Q: 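Structure provided below as structure tokens; questions to follow.
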Amino acid sequence: MQKLRIRGGKRLVGTVRASGAKNAALPIIASALLTDEEVVLSNVPDLADVRTMGRLLEGMGVRFERIDGESVRICADNVTGTEAPYELVKTMRASVLVLGPLVSRFGKARVSLPGGCSIGARPVDQHIKALKAMGACVEIDHGYMDATASRLKGARIVTDMVTVTGTENIMMAAALADGVTVIENAAREPEVVDLAECLNAMGARVHGAGTPQIVIEGVEKLHGCRHSVIADRIETGTFLCAAMVTRGDVTVTHAAPETLEAVISKLREAGAVIDIDGTSIRVRMQSRPTAVDVRTVPHPGFPTDMQAQLMALDAVSQGSGRIVETIFENRFMHVPELQRMGADIHVDGHTAVVRGVEQLEGANVMATDLRASACLVIAALAAQGETVIDRIYHLDRGYEHIEEKLSKLGADIERIA
Ligand code: UD1
């Protein structure tokens, strides 16, 4: 199993390019199931999760090919199956994103239930409830969701909580439905907006994405399109935190600063000097950061996907910070690993109190999920001595060429077997 070895204490300086957003690329790739014409996507990161989504579509007879380092071509003109098997869904929960498009275009789908996940239960009841409201029959059979419908009908859907992939699945299902669908309490994440833009480029009529109410007028047919995926705000935020803990000076280019307002404002509160120039974000940190309090909430608030990275920052800051995780019930698995590196953290339910220490120490640690891995990379960059992070396949799910990008900034980091 591959590991990362990081020798901490090197100041990060220079320029790094943000990749396309994993969480936008995945639903957008799934949306290509809605048309028999070609969809060409650029700024698609080359990541394990993107390859998994490609394999999932290929298993249904879809042609999925990488044109170059950053683009993919997808054509669903000869779909031979409508099943998302357990073997793929268990490795990537976002596989559930094929449910909406499959039922909408083909009137049937058999998608494995994602099951448990290390950061919490993460049910898909809202996805199912919405499809039923649109007239589908959904049955649970041996761990699979079996959905059938003639043509879905537009409906008014009020979700019980803000769900990102839930909102995306409903949008895709509604795109080819008969009539108007209204989603109330919709997720406002930038990735939802990016999906809406791609759907509209395919001829869909989606209005209000980015607000809590999304209205979709169903159309008979969608056509092919070209679309460029939005920048990854979480990867960008991770680089900003990494720069801060090393008191560095880093510019992230090709970023989407408008999607990172809550994060940038927190990092400024922690003492960073952040300058935005178009799509570039420059962060400078001259002194030790000040610990900040944070509460994760749906967009436009502070994202749960940046919670672990912010905890690494607090862990080496002056003072103490209170971190409250409100989205997932089990998202503090990075805490014991940070403690192995000398961090002073106390967890009580959904709250972690982090007292910053002067210096973390390198140690052997284990990545437990995607963002937890990013947190450990940040901590290792700040630590004295050597850290070896095991199970970095988690990191590879969501960070493109991470060790190359960080070494170009001056980090001492290498992948070892
Ligand atoms: C997406 C992101 C993930 C991010 C999360 C929250 C993708 C591919 N993944 O995940 O990186 O951490 O948003 O910003 O975009 N819930 C239910 N029932 C449902 C759906 C959700 O109870 O049917 C609950 C979940 O358990 C969780 C909360 O709602 O507590 C939010 O989950 P959701 O927004 O759906 O997360 P994902 O879309 O899976």
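These figures come from a predicted structure and were not determined experimentally. Order of appearance sets the numbers: ligands from 1, and atoms from 1 within every ligand. FYI, the numbering just counts along the sequence from 1.
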Q: Does any part of the side chain of I389, heavy atoms only, come nearer than 4.5 Å to the side chain of K3, both counted from C-beta?
A: no

Q: When you compare ligand 1 with D305, is there at least one nitrogen or oxygen pair between them that comes in under 3.5 angstrom?
A: yes

Q: Consider only side-chain N and O atoms of K129 and T159, and report whether a donor and an acceptor are under 3.5 Å apart.
A: no

Q: Strictly by modelled atom types, are H127 and N169 linked by a side-chain donor-acceptor pair under 3.5 Å?
A: yes

Q: Would you mind telling me if ligand 1 is within reach of the side chain of R331, the backbone, both or neither, using heavy atoms under 4.0 Å?
A: side chain

Q: Would you mind finding which of T163, V162, N169, T167 brings a heavy atom closest to atom 35 (O) of ligand 1?
A: T163

Q: Between P123 and ligand 1, does any nitrogen or oxygen pair lie at a separation below 3.5 Å?
A: yes

Q: Does ligand 1 come near enough to E168 that some N or O of the ligand is less than 3.5 Å from an N or O of the residue?
A: no

Q: Compare all side-chain heavy atoms of I416 with those of L4 and state whether any distance is below 4.5 angstrom.
A: no

Q: Out of I128, T326, T304, N23, who is nearest to atom 7 (C) of ligand 1 when you count heavy atoms only?
A: N23

Q: Give the numbers and elements of all ligand 1 atoms closer than 4.0 Å to a heavy atom of H127.
A: 23 (O)

Q: Please determine, by modelled atom types, if N200 and H207 share a side-chain donor-acceptor pair under 3.5 angstrom.
A: no

Q: Give the contacting part of D125 toward ligand 1: side chain, backbone, both or neither, where contact means a heavy-atom distance below 4.0 Å.
A: both

Q: How does D160 reach ligand 1, if at all, at less than 4.0 Å between non-hydrogen atoms: by side chain, backbone, both, or neither?
A: neither

Q: What do you reckon, does E329 have a nitrogen or oxygen under 3.5 Å from a nitrogen or oxygen of ligand 1?
A: no

Q: Any N or O of I327 that comes nearer than 3.5 Å to an N or O of ligand 1?
A: yes

Q: What I want to check is whether the side chains of Q318 and T290 have a donor and an acceptor closer together than 3.5 Å.
A: no

Q: Please state whether L370 comes within less than 4.0 angstrom of ligand 1, counting heavy atoms only.
A: no

Q: Please check if any side-chain donor atom of T304 sits under 3.5 Å from a side-chain acceptor atom of E325, or the reverse.
A: yes

Q: For the side chain to side chain contact (heavy atoms under 4.5 Å, CB included) test, which of K132, M134, Q126 pairs with I157?
A: M134

Q: Select one of side chain, backbone, both or neither to describe which atoms of M161 lie under 4.0 Å from any atom of ligand 1, heavy atoms only.
A: side chain

Q: Is the number of heavy atoms from other residues, nucleotides or ligands within 6.0 Å of CZ (R66) greater than 12?
A: yes

Q: Considering only heavy atoms, which of K129, H299, Q126 lies nearest to atom 23 (O) of ligand 1?
A: Q126

Q: Counting from 1, what ligand 1 atoms have a heavy atom of V124 closer than 4.0 Å?
A: 19 (C), 23 (O)

Q: With nothing but distance in play, are any N or O atoms of V164 less than 3.5 Å from an N or O of ligand 1?
A: yes

Q: Got more than 12 heavy atoms from elsewhere within 6.0 Å of CG, D348?
A: no

Q: Taking atom CZ as the centre, does R226 end up with more than 12 heavy-atom neighbours from other residues, nucleotides or ligands that are less than 6.0 angstrom away?
A: no

Q: What part of T165, side chain from CB on, backbone N/CA/C/O, both or neither, has a heavy atom under 4.0 Å from ligand 1?
A: both

